[in-house]
Amino acid sequence: MKIWLDGGLQDMESARVSVFDHGLTVGDGIFETVKAVDGRPFALTRHLDRLTRSARGLGLPDPDHDEVRRACAAVLEANPMPLGRLRITYTGGHGPLGSDRGEHGPTLVVALGATTRRPDSTAVITVPWTRNERGALTGLKTTSYAENVVALARAREQGASEALFGNTVGQLCEGTGSNVFVVLDGEIHTPPLASGCLAGITRALAIEWTGAEETDLPLDVLERADEVFLTSTLRDVQAVHRVDDRGLPGAPGPVTAKAMRIFEDRSGDDLDP
Ligand code: PLP
């Protein structure tokens, strides 16, 4: 397996970054996960734009989009697979202990892993921890993902594949790696970005393609929603058949099933050539 590091392809087994890389020591880094179908990245321009927004939010230099595109193309060409997940990681780079930021410029790593299509429906839990809708990192896709790792581990313990967070004012926010949508009286709603959720690329496409509304939703909407679904790069649109102890039999319901079909029909639209 080949990855991109320090401006070129390297063997994954021997590629090394410094143990003083600030991405490792303080989580000063950002990332993107990009789906690749038959070697073609999906929605790469949107991912690169979000990478730049995250970099600016952290005060990192703007990533060079041409270099990241070249890196993705090289890694995809070197590791052919039918369905892959590109992982772009960009950190503050390395520097002496105690330095505010790496002194040798940012680190860029592009790696690729195989993935598979997710089941049509899944179980989720809610967690008692909150997303901070007004934090310095709110809405940025940083490598500081430890809280998501803890929440996801709790979901797995309970036979679920995702954990949903509310925010500090009790509104529904997002999952550890997905955005959440609910269906109420036939209408699709999803929390607004002001809830503190990530501006998911699949979320934006789902809003464009289904006409879903951005609505402030109390967390307990999950107790009465007719249908619930998740969106993410690796799930696309995925129905929810259980939230905590509440079953949603028949998931995907009709509105979710339609959203899944629209997504399936259109998700070739934004594949890179
Ligand atoms: N929310 C969080 C916290 C995420 O990490 C992700 C993706 O990893 C998403 C939402 C979904 O975003 P996207 O559709 O761009 O994959």
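The residues of the chain are indexed from 1 along the displayed sequence. Both counts, for ligands and for their atoms, begin at 1 and track the order of listing.
With a 4.0 Å cut-off on non-hydrogen atoms, Arg131 touches ligand 1 through its side chain and not its backbone. With a 4.0 Å heavy-atom cut-off, ligand 1 is reached by the backbone of Ser178 but not by any atom from C-beta on. Within the 4.0 Å heavy-atom criterion, the part of Thr176 lying near ligand 1 is the backbone and not the side chain. Residue contacts with ligand 1 for Leu198 involve side-chain atoms from C-beta outward but no N, CA, C or O (heavy atoms, distance under 4.0 Å).
Taking the centre and axis of the six-membered ring of Phe181, the NZ or CZ atom of Arg203 falls outside the cone set by 45° and 6.0 Å.
At least one heavy atom of Lys141 sits under 4.0 Å from some atom of ligand 1.
Panel note: side chain Glu162, backbone Gly177; a donor-acceptor pair is recorded below 3.5 Å.
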Start with the C-alpha gap between Thr122 and Arg235, add the side-chain angles, then the distance that decides, and say whether side chain to side chain donor-acceptor pair (under 3.5 Å) holds. CA-CA 10 Å; Thr122 193; Arg235 294 175 193 267; 4.5 Å; no

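A salt bridge links Arg50 with Glu32; the closest basic N to acidic carboxylate O contact falls under 4.0 Å. We find that Arg117 and Asp236 are not joined by a salt bridge, their nearest charged nitrogen and carboxylate oxygen being 4.0 Å or further apart.
Side-chain contact check for Thr176 versus Phe165: some heavy-atom pair is nearer than 4.5 Å.
Considering both main-chain and side-chain atoms, Thr233 comes within under 3.5 Å of ligand 1 through a nitrogen or oxygen pair. For ligand 1, the polar-atom distance check against Asn148 finds no nitrogen or oxygen pair separated by under 3.5 Å. For ligand 1, the polar-atom distance check finds no N/O of Thr231 at less than 3.5 Å from any of the ligand's N/O atoms. Looking at ligand 1, you won't find any N or O of Ser232 less than 3.5 Å from one of its N or O atoms.
The side chain to side chain donor-acceptor pair (under 3.5 Å) test with Thr91 singles out one residue from Asp21, Asp28, Thr143, Thr25, and that residue is Asp21.
Ligand 1 places these atoms under 4.0 Å from at least one heavy atom of Gly200: 12 (O), 13 (P), 14 (O), 15 (O).
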